[in-house]
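To start, the structure under review is shown below, and the notes come after it.
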Amino acid sequence: MGLSVEALLGGSVESVAATVPAHPLKQAHATRHAERAHEGALLRSGPALARLQRLRRLLDRAAPGAPWPRLRDIAAITGLQVETVSRLLSRERGRIVASCS
């Protein structure tokens, strides 16, 4: 099972899963892997506010109502500067949380 980065980021999750042998467990695993890779790439691309909104949605999916990680951890996950994360969370916290509801 060889999945290229181009396939993970350029193709849809369904098209990536379709390139895996027909065994259902392998297809399910490949689909989950492709979805995680895609989510990880989205966390590090696009506008800063959108990155924080995506991170909040992922956190809420994993543990609803979980607190935010430390600023430097959020910055590392999203590829943003700590100062940018701090400024956006201070200014846009309501918009970030509302977009996840």
Side-chain angles (χ1 to χ4, degrees):
M1 175 174 80
L3 298 176
S4 68
V5 172
E6 180 180 328
L8 289 173
L9 299 179
S12 69
V13 172
E14 292 78 19
S15 68
V16 172
T19 64
V20 177
H23 191 279
L25 291 177
K26 287 184 180 180
Q27 283 184 328
H29 177 74
T31 300
R32 281 193 309 275
H33 181 74
E35 288 170 345
R36 285 189 204 116
H38 184 71
E39 287 173 346
L42 288 176
L43 284 173
R44 298 184 66 82
S45 63
L49 181 59
R51 295 182 198 191
L52 294 179
Q53 289 170 330
R54 286 183 198 114
L55 178 60
R56 185 71 256 171
R57 280 192 295 273
L58 287 174
L59 291 171
D60 284 345
R61 195 177 338 153
W68 283 96
R70 297 178 302 179
L71 288 178
R72 66 179 170 191
D73 293 335
I74 295 171
I77 292 167
T78 58
L80 299 169
Q81 297 294 316
V82 173
E83 295 81 7
T84 302
V85 173
S86 177
R87 184 177 62 252
L88 282 172
L89 286 179
S90 295
R91 189 178 68 206
E92 305 286 349
R93 188 177 299 265
R95 273 182 54 188
I96 293 169
V97 173
S99 73
C100 301
S101 303

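The model shown is predicted, which means the values in this text are computed figures rather than measured ones. One-based numbering along the sequence shown.
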Exercise. If only atom types and distance count, is the side chain of R51 paired as donor or acceptor with the main-chain N or O of L42 below 3.5 Å?
Worked result: no

For this session: Determine yes or no for a side-chain-to-main-chain donor-acceptor pair under 3.5 angstrom, with S86 supplying the side chain and V82 the backbone.
Result: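 Here the side-chain-to-backbone pair does not exist.
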
Exercise. Rounded to the nearest 0.5 Å, how far does CD of Q53 lie from CG of L58?
Worked result: 12.0 Å

Exercise. Hey, what do you get for CG (L43) to CZ (R57), rounding to the nearest 0.5 Å?
Worked result: 9.5 Å

For this session: For R61, check side chain to side chain donor-acceptor pair (under 3.5 Å) against everything at least two apart and list the hits.
Result: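 Side chain to side chain donor-acceptor pair (under 3.5 Å) check on R61 returns E39.
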
For this session: Taking all heavy atoms of L88 and all of A48, pick out the closest pair and write down the distance.
Result: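 Closest approach of L88 to A48, heavy atoms only: CD1-CB, 3.4 Å.
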
Exercise answer: donor-acceptor pairs, residues 72-81 side-chain atoms, under 3.5 Å, sequence neighbours excluded:
from : atom 1 : to  : atom 2 : distance (Å)
D73  : OD1    : R70 : NH2    : 3.3
D73  : OD2    : R70 : NE     : 3.0
D73  : OD2    : R70 : NH2    : 3.2
T78  : OG1    : I74 : O      : 2.7

For this session: Output all residues satisfying side chain to side chain contact (heavy atoms under 4.5 Å, CB included) with R44, sequence neighbours left out; order by chain, then residue number.
Result: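 R44 satisfies side chain to side chain contact (heavy atoms under 4.5 Å, CB included) with no other residue.
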
Exercise. With a 4.5 Å heavy-atom cut-off, do P69 and L59 have their side chains touching?
Worked result: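 In short, these two side chains touch, coming nearer than 4.5 Å.
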
